[in-house]
Amino acid sequence: MISIAISGAAGRMGFTLVRCIETSNKFRLVAAVDRQAHPDAGRDIGTLAGCKEAGVKLSDSLLPYISNANVLIDFAFHEATPANVEIAADSGKPAVIGTTGLTQEEMSNILSSAARIPIVYAPNMSLGVNLLFSVLTKSAKTLGDDYSISIEETHHIHKKDAPSGTALRLGEKVAEGLGKKFSSIMFHDEEGKSEVIPEGKLPVRSYRRGEIVGDHTVIFENTAERIEFTHHAWNREAFAMGALRAAQWITDKAPGLYDMQDVLDLR
Ligand code: NAD
């Protein structure tokens with residue numbers, strides 16, 4: 001049994017993880033942490049997540065519980081993530097980070113923690129998307145500049161960051177195949193409103209619609225043909241199950257920063 005502490009436990013991903021852990025015989029929940037002054041603090045997280053009692057109360061602090069956990073899983077808010085991961089690092093506990101929208105400074109704090117503990121950081125934990133990552137670099141390398149390439153992502157209207165972390169990672173994989181730096185070719189086309197895409201740029205179109213969990217498409221197109229790679233996440237279990245797979249993988253790894261390509265042996 002692998003003991004899991006969740007940070008961001010009262011969020012959409014947190015609740016999904018709680019439900020997945022409840023039905024698993026490989027994992028058990030030992031801590032459920034969310035922001036300070038959360039209105040549900042002190043209540044049973046299983047009940048809050050809509051399953052049976054978990055015997056774990058929603059708390060506002062990771063520190064008292066981290067020693068009981070084998071792995072921290074963080075799906076919270078980017079400003080909170082480095083501090084939670086540092087608490088894990090201070091106790092020598094591995095961390096799996098799903099939170100997106102981390103700034104450069106927050107990312108460098110994560111890297112400092114990765115010198116002490118193994119960390120899996122992946123903006124998209126789904127197995128399908130990670131398989132997509134692994135074919136995109138090769139596709140871009142093969143098709144190259146003879147095709148115009150674009151990326152589209154659609155998510156629910158509550159999503160705070162745009163483009164999505166996944167869309168950015170898809171772009172990095174394409175850029176890698178083209179032998180270019182993603183930051184120098186990325187063009188964020190919010191809601192697809194731009195009429196003109198500057199020459200040599202890779203448009204990343206982000207849409208916010210209803211309750212869509214996460215759709216990503218990468219398109220390669222020229223006058224002769226069009227190739228689309230599309231991934232639809234039907235529900236958040238796709239991410240939660242990936243995070244739990246990462247939690248299982250990471251328990252015996254050396255300190256360092258890893259991603260789902262490492263977890264799934266896709267390099
Ligand atoms: P959400 O807003 O429903 O949940 C986030 C939770 O974090 C909230 O309950 C919030 O109160 C809590 N939080 C805020 N500050 C905190 C703190 N200091 N300590 C602990 N918890 C704190 O969001 P969500 O849809 O569950 O997504 C959470 C994050 O995960 C986002 O960054 C999202 O983009 C990302 N995400 C990643 C993947 C992936 O596969 N990597 C998949 C889905 C979502």
Side-chain angles (χ1 to χ4, degrees), residues 1-9 11 13-14 16-18 20-21 26-35 61-127 129-131 133-134 161 164-166 168-170 172-173 176 236 238-267:
M1 279 284 211
I2 299 169
S3 299
I4 303 289
I6 303 174
S7 129
M13 277 308 301
T16 310
L17 270 169
V18 169
C20 287
I21 290 172
K26 289 185 193 151
F27 303 96
R28 75 188 166 111
L29 187 67
V30 293
V33 180
D34 208 283
R35 65 178 164 77
S61 173
L62 179 62
L63 197 55
Y65 304 101
I66 190 69
S67 60
N68 300 332
N70 298 120
V71 181
L72 167 69
I73 301 183
D74 180 279
F75 280 94
F77 185 54
H78 67 95
E79 286 176 7
T81 298
N84 284 325
V85 172
E86 204 173 329
I87 291 172
D90 288 345
S91 301
K93 307 289 182 173
V96 172
I97 305 172
T99 304
T100 62
L102 293 166
T103 64
Q104 269 187 357
E105 192 186 341
E106 287 158 358
M107 207 51 226
S108 70
N109 290 340
I110 300 293
L111 269 173
S112 307
S113 292
R116 295 191 285 153
I117 51 164
I119 295 176
V120 171
Y121 170 61
N124 190 312
M125 298 267 174
S126 105
L127 306 194
V129 159
N130 283 282
L131 200 61
F133 287 153
S134 73
D161 49 325
S164 70
T166 304
L168 297 175
R169 187 61 71 92
L170 290 168
E172 284 166 13
K173 295 290 170 189
E176 214 177 299
R236 291 182 175 82
F239 314 122
M241 289 164 81
L244 290 171
R245 179 131 166 196
Q248 195 174 7
W249 177 87
I250 206 171
T251 50
D252 61 355
K253 297 298 175 289
L257 188 62
Y258 303 94
D259 64 17
M260 289 301 281
Q261 303 291 299
D262 300 304
V263 173
L264 302 175
D265 199 15
L266 286 171
R267 279 199 199 287

Heavy-atom distance under 4.5 Å between the side chains of L17 and F75, does that happen here? yes

Within this structure, what is the CZ-CG distance for the pair R169 and D259, rounded to the nearest 0.5 Å? 5.5 Å

Treating N130 as the side-chain partner and L264 as the backbone partner, does any N or O pair qualify as donor plus acceptor under 3.5 Å? no

Could you check whether any side-chain N or O of K93 sits under 3.5 Å from a backbone N or O of A69, counting only pairs where one atom can act as donor and the other as acceptor? yes

Could you pull out the closest heavy-atom pair between F133 and Q261, with the gap in Å? CB-NE2, 3.5 Å

What one should report as the nearest heavy-atom pair of I110 and P82 is CD1-CA, 3.9 Å

What's the shortest heavy-atom distance between I4 and A247, and which atoms? CD1-CB, 3.9 Å

Could you walk me through whether V263 and R245 pass the side chain to side chain contact (heavy atoms under 4.5 Å, CB included) check? CA-CA 8 Å; V263 173; R245 179 131 166 196; 4.1 Å; yes

Looking at side-chain heavy atoms only, is the closest gap between V120 and I97 below 4.5 Å? no

Please name the pair of heavy atoms, one in A240 and one in C20, separated by the smallest distance, quoted to 0.1 Å. CB-SG, 3.9 Å

Indicate the atoms forming the closest heavy-atom contact of I6 with L72, along with that distance. C-CD1, 4.5 Å

With a 4.5 Å cut-off on side-chain heavy atoms, are M13 and F239 touching? yes

Any side-chain heavy-atom pair of N109 and L102 under 4.5 Å: no

R28: side chain to side chain donor-acceptor pair (under 3.5 Å) partners, not counting sequence neighbours: S3

With a 4.5 Å limit on heavy-atom distance, are the side chains of P94 and P118 in contact? yes

Gap between atom CH2 of W249 and atom OH of Y258 - 0.5 Å precision: 5.5 Å

Considering residues, nucleotides and ligands other than D252, do more than 12 of their heavy atoms fall under 6.0 Å from its CG? yes

Going through the distances and angles, do D74 and T99 end up as a side-chain hydrogen bond (donor to acceptor under 3.5 Å, both in side chains)? CA-CA 6 Å; D74 180 279; T99 304; 2.5 Å; yes

Keeping to residues at least two apart or across chains, list the side chain to side chain donor-acceptor pair (under 3.5 Å) pairs with something in residues 110-120. D90-R116

Does the side chain of E106 reach to within under 4.5 Å of the side chain of T81, using non-hydrogen atoms? no

Please round to the nearest 0.5 Å and tell me the distance separating atom CZ of F77 and atom OG1 of T100. 10.0 Å

Would you compute the distance between atom OG of S91 and atom CD1 of I117 and round it to the nearest 0.5 angstrom? 9.5 Å

Provide the closest heavy-atom pair for A9 versus D34 in the form atom of the first, atom of the second, distance. N-OD2, 3.5 Å

Got K26 and M1 here, is their nearest side-chain heavy-atom distance under 4.5 Å? no

Between the CE atom in M260 and the OG atom in S126, the distance rounded to the nearest 0.5 Å is 8.0 Å

d(I119 CD1, L257 CG) to nearest 0.5 Å is 6.5 Å

